[in-house]
Protein chains: 2
Amino acid sequence: MGETKQRQAIREALERAARPLSPQEVVAEAQADVPRLGIATVYRALKSLVDEGWLAAVELPGQPTRYERAGKHHHHHFQCRRCDRTYELPGCPSDLQVPLPKGFVADDHEVVVYGRCAACARSK
Amino acid sequence: MGETKQRQAIREALERAARPLSPQEVVAEAQADVPRLGIATVYRALKSLVDEGWLAAVELPGQPTRYERAGKHHHHHFQCRRCDRTYELPGCPSDLQVPLPKGFVADDHEVVVYGRCAACARSK
DNA sequence: GGGCGAATGATAATTGATTCTCGATTCGCG
DNA sequence: CGCGAATCGAGAATCAATTATCATTCGCCC
């Protein structure tokens, strides 16, 4: 059971992009390969790729969910305020030792850095 | 022109709570003072309190916006996975020195710690 | 006590993301 | 080549948060 060309286009779009993509970005990218690709197909594929463990969902405040390859090292994200693109940041600063109020138990954390990506910083 | 009793109830609910509240939480709390308080009034009040600089909006992935008193020191938040309440965490760990890709410019950052709050950790 | 403009509250409308529906298309396989 | 199942794609439907509408109510002045 080979994979359909749309799924393949979707996976390739995600691998090509060096950053987490939103469903909209995925359609746009993957339509280079499959022009009539529908958004519903993208959502279906994203969901199953997440289930398979091939993709990881990245949630950001006020933004549609982004998707990136799963299995990377612990890392965080950069959100450009200008172009709204999300980028991956290498590693986790200082491995984050937050003092919690007593009784609280942490099991994970997220860091989002906001600003301008290289392209947007340049074009002021 | 004094402030209406509903606005007052809303402000008091937010001061009373030692943590950021969602609009829903605000209605629930403030209805202790004004039983027929409507959600629309809460949204209106929250917006204008933010405009006045009295409140700050706290955005979290996949959660409705929370509101807290503005003007606090730089700090971050804890999100309980069990009761969904958001708590304030004191200070910013290590003042966050994230290495950015070259050309990127940061102007802010957010840290969200996930886990269980004291009450929820206890009741397993 | 009545008049007025602003604020309220119940509900409908909007918005954006995501999911569902369903007819059309494609694929694997004999 | 042709069937049956799986997948697609377009648009409708859903869902949650938020905003708009509008008749009613409230606060305040004369």
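Chain naming here is simple, since letters A, B, ... match the order of the sequence lines and numbering starts at 1 in each.
- Using a 4.0 Å cut-off between charged nitrogen and carboxylate oxygen, A:E25 and A:R85 do not count as a salt-bridge pair.
- For A:D107 and B:R81, the salt-bridge test passes: some basic side-chain N is under 4.0 Å from an acidic carboxylate O.
- Distance B:R7 CZ to D:dG27 P: 15 Å, rounded to the nearest Å.
- The side chain of B:R36 places no N or O atom within less than 4.0 Å of a non-bridging phosphate oxygen (OP1 or OP2) of D:dT25.
- Taking atom CG of residue B:L37 and atom C1' of nucleotide D:dC26, one finds them 15 Å apart after rounding to whole Å.
- In this structure, B:T41 reaches the bases: a heavy-atom distance under 4.0 Å links it to at least one base atom across the strands shown.
- In this structure, the ring of B:Y87 has its center less than 6.0 angstrom from the ring center of A:F104.
- Each of B:K72, B:R19, B:R66 was scored for a salt bridge (charged side-chain N to carboxylate O under 4.0 Å, His left out) with B:E88, with one residue passing: B:K72.
- Rounded to an integer number of Å, the gap from B:Q6 CD to D:dC26 P is 9 Å.
- C:dA7 atom P lies 13 Å from atom CD1 of B:I10, rounded to whole Å.
- The phosphate of D:dC26 has neither OP1 nor OP2 within less than 4.0 Å of any side-chain N or O from B:T4.
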Identify all pairs in which a protein N or O lies below 3.5 Å from an N or O of nucleotides 17-24 of chain C, and state each distance.
residue	atom	partner	partner atom	Å
C:dT18	OP1	A:T65	OG1	3.3
C:dT18	OP2	A:Y43	OH	2.7

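- Rounded to whole Å, atom P of D:dG9 lies 13 Å from atom CG of A:D33.
- Between A:H109 and B:H76, the distance separating the two ring centers is not shorter than 6.0 angstrom.
- The residues A:R11 and A:D33 are annotated as not salt-bridged, no charged nitrogen and carboxylate oxygen being separated by less than 4.0 angstrom.
- Summarising the geometry, the separation between CG on B:D84 and P on D:dA17 is reported as 10 Å, rounded to the nearest angstrom.
- Counting to the nearest Å, the P atom of D:dA17 and the CG atom of B:L21 are 15 Å from each other.
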*Would B:R7 and B:E52 satisfy salt bridge (Lys or Arg N to Asp or Glu O under 4.0 Å), going step by step from the backbone distance to the final call?*
CA-CA 13 Å; B:R7 265 179 89 91; B:E52 291 166 23; 2.8 Å; yes
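- Two residues, A:G38 and B:K5, neighbour DNA chain D, and the one matched to the more 5' nucleotide by heavy-atom proximity is A:G38.
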